[in-house]
Amino acid sequence: MQTLVIVAKKDNPEAASLAARIRERYPHLTVLGDRSLAHVLGWTRVEDRELAARADLTVVLGGDGTLIYAARLLGGRGVPILGVNLGSLGFMTEIPVEELFTTLDEVLAGRFQVDSRMKLTCRLVRGGRVLIEDEILNDVVINKGALARIADHETSIDGVPITTYKADGVILATPTGSTAYSLSAGGPIVHPSVDCTVLSPICSHALTQRSIVVPADRVIRITLRSETADTYLTLDGQTGHGLQGGDCIEVVRSANRVNLVRNPRVAYFSILRQKLHWGER
Ligand SMILES: NC(=O)c1ccc[n+]([C@@H]2O[C@H](COP(=O)([O-])OP(=O)(O)OC[C@H]3O[C@@H](n4cnc5c(N)ncnc54)[C@H](O)[C@@H]3O)[C@@H](O)[C@H]2O)c1
Ligand SMILES: Nc1ncnc2c1ncn2[C@@H]1O[C@H](COP(=O)(O)OP(=O)(O)OP(=O)(O)O)[C@@H](O)[C@H]1O
């Protein structure tokens, strides 16, 4: 382990101060920070592409949004990500701040396990051309603006027609993302060791159209069949793109994965119990 990259929640003094302490504690390592952290701490600024290429381990100091940001920054390399929770929910940032240094000591000594999380590849195809291709850890969301009319989402799996959802939108979630927006739309909780894609309509007009769990290697295509100026594609809650009638959104499992360092003291179901307020065992 030579290079540790820290991605810290933007404009968060506690995250910046912890990052500075990490650098002090491990002088034998090259410790680099994301763009805004480097700016705040006066560290050498390193481009995202170079951070992604050099990282042997990434420490995320923030919440779920910061971890998603870090996973996107790292791209396809599958570098282990240690998520330390400074956010409100912390579903994916499993390590409490108090355990940061003990956990990091263990990880740097090579004593750790990772949870390998599936990602989706999403393409936006317009007029036969791929406009956008991106990798997703949580979800692909097709959604309408507040005043837009209900839209028609023609949906197929491996080219076989499923249905046309007349709905506010459709969510395509990974198992990781199954506890995020998809859960609010009535989707199932999927254990992250299962590889699949959850297809959930948002407020479907037909009440019998429920979530469908699709094998991860199937290609799901959703074609927008209504002409609306107010429909958007949102990827991991991070980037948004305006959609037009006829646009096709294509989703399939990515060849790349995200490797989250596991908290050995916490099991997946204890996270659910705690974060989703299921009460005691
Ligand atoms: N109605 C909703 O529930 C809703 C609406 C829009 C977006 N979202 C979700 O927000 C995600 C982006 O997260 P963010 O933190 O950048 O935005 P954000 O700050 O708006 O956070 C949304 C909430 O979702 C939580 N969250 C994020 N990923 C999660 C996951 N995999 N499991 C459980 N909870 C999770 C976050 O901790 C936060 O509490 C999107 O991928 C989408 O799933 C949810
Ligand atoms: N270092 C960073 N550089 C650029 N953008 C960042 C960075 N860290 C976080 N972000 C952006 O800010 C968003 C997260 O901010 P937010 O305040 O929602 O924190 P969070 O990590 O999700 O914690 P919380 O659980 O409190 O929501 C991310 O979705 C990402 O877009």
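All ligand and atom numbering here is 1-based and tracks the order in the structure. Computed from a prediction, not measured in an experiment: that's the story for all the values here.
- For Asp139 (side chain) and Val141 (main-chain N/O), no donor-acceptor pair under 3.5 Å exists by modelled atom type.
- For atom 17 (O) of ligand 2, a protein non-hydrogen atom is found at a distance below 4.0 Å.
- When heavy-atom distances to ligand 1 are checked against a 4.0 Å cut-off, Phe91 comes that close only through its side chain, counted from C-beta outward.
- Closer than 4.0 Å to atom 22 (C) of ligand 1 lies none of the heavy atoms of the protein.
- When only interatomic distances are considered, the shortest N/O to N/O separation between Gly62 and ligand 2 does not fall below 3.5 Å.
- When Asp139, Ile136, Val141, Leu235 are ranked by how near their heavy atoms come to atom 43 (O) of ligand 1, first place goes to Asp139.
- By the definition of a contact as any protein heavy atom under 4.0 Å away, atom 19 (O) of ligand 1 is not in contact.
- Note on Val46: it does not cluster hydrophobically with Ile6, by side-chain heavy-atom contacts below 4.5 Å among ILVMFWY residues.
- Backbone and side-chain nitrogen or oxygen atoms of Gly65 are examined, and one is located within less than 3.5 angstrom of a nitrogen or oxygen of ligand 2.
- Within the structure, the closest approach of Leu89 to ligand 2 falls below 4.0 Å when heavy atoms are considered.
- Evaluated by nearest non-hydrogen atom to atom 21 (O) of ligand 2, the leading choice among Val60, Asn12, Thr66 is Thr66.
- Using a 4.0 Å cut-off to heavy atoms of Gln238, the atoms of ligand 2 that qualify are 28 (C), 29 (O), 30 (C), 31 (O).
- No N or O atom of Gly177 sits closer than 3.5 Å to an N or O atom of ligand 1.
- Protein heavy atoms come within 4.0 Å of atom 8 (N) of ligand 1.
- The single protein non-hydrogen atom nearest to atom 1 (N) of ligand 2 is Ala8 O, 2.8 Å, given as residue, atom name and distance.
- Between Gly63 and ligand 2, an N or O atom pair is found at a separation short of 3.5 Å.
- In terms of polar-atom proximity, defined here as any N/O pair under 3.5 Å, Asp64 does make such a contact with ligand 1.
- When heavy-atom distances to ligand 1 are checked against a 4.0 Å cut-off, Met92 comes that close only through its side chain, counted from C-beta outward.
- Listed here is the closest heavy atom pair of Leu243 and Leu224: CB-CD2, 3.8 Å.
- Hydrophobic clustering, with ILVMFWY side chains joined whenever heavy atoms are under 4.5 angstrom apart, groups Ile157 together with Leu120.
- The backbone and the side chain of Ser88 each have at least one atom closer than 4.0 Å to an atom of ligand 2 (non-hydrogen atoms only).
- The proximity of Asp236 to ligand 1, defined as any non-hydrogen pair under 4.0 Å, is limited to the backbone.
- Counting protein heavy atoms under 4.0 angstrom from atom 32 (N) of ligand 1 gives one or more.
- Of the options Ser184, Gly62, Gly65, the smallest heavy-atom separation from atom 14 (P) of ligand 1 is shown by Gly65.
- Protein non-hydrogen atoms do not reach within 4.0 Å of atom 12 (O) of ligand 2.
- Every atom of ligand 2 is numbered from 1 in the order shown, and the set under 4.0 Å from a heavy atom of Gly87 is 23 (O), 24 (P), 25 (O), 26 (O).
- Nearest protein neighbour of atom 2 (C) of ligand 2, counting heavy atoms only, is Tyr69 CE2, 3.4 Å.
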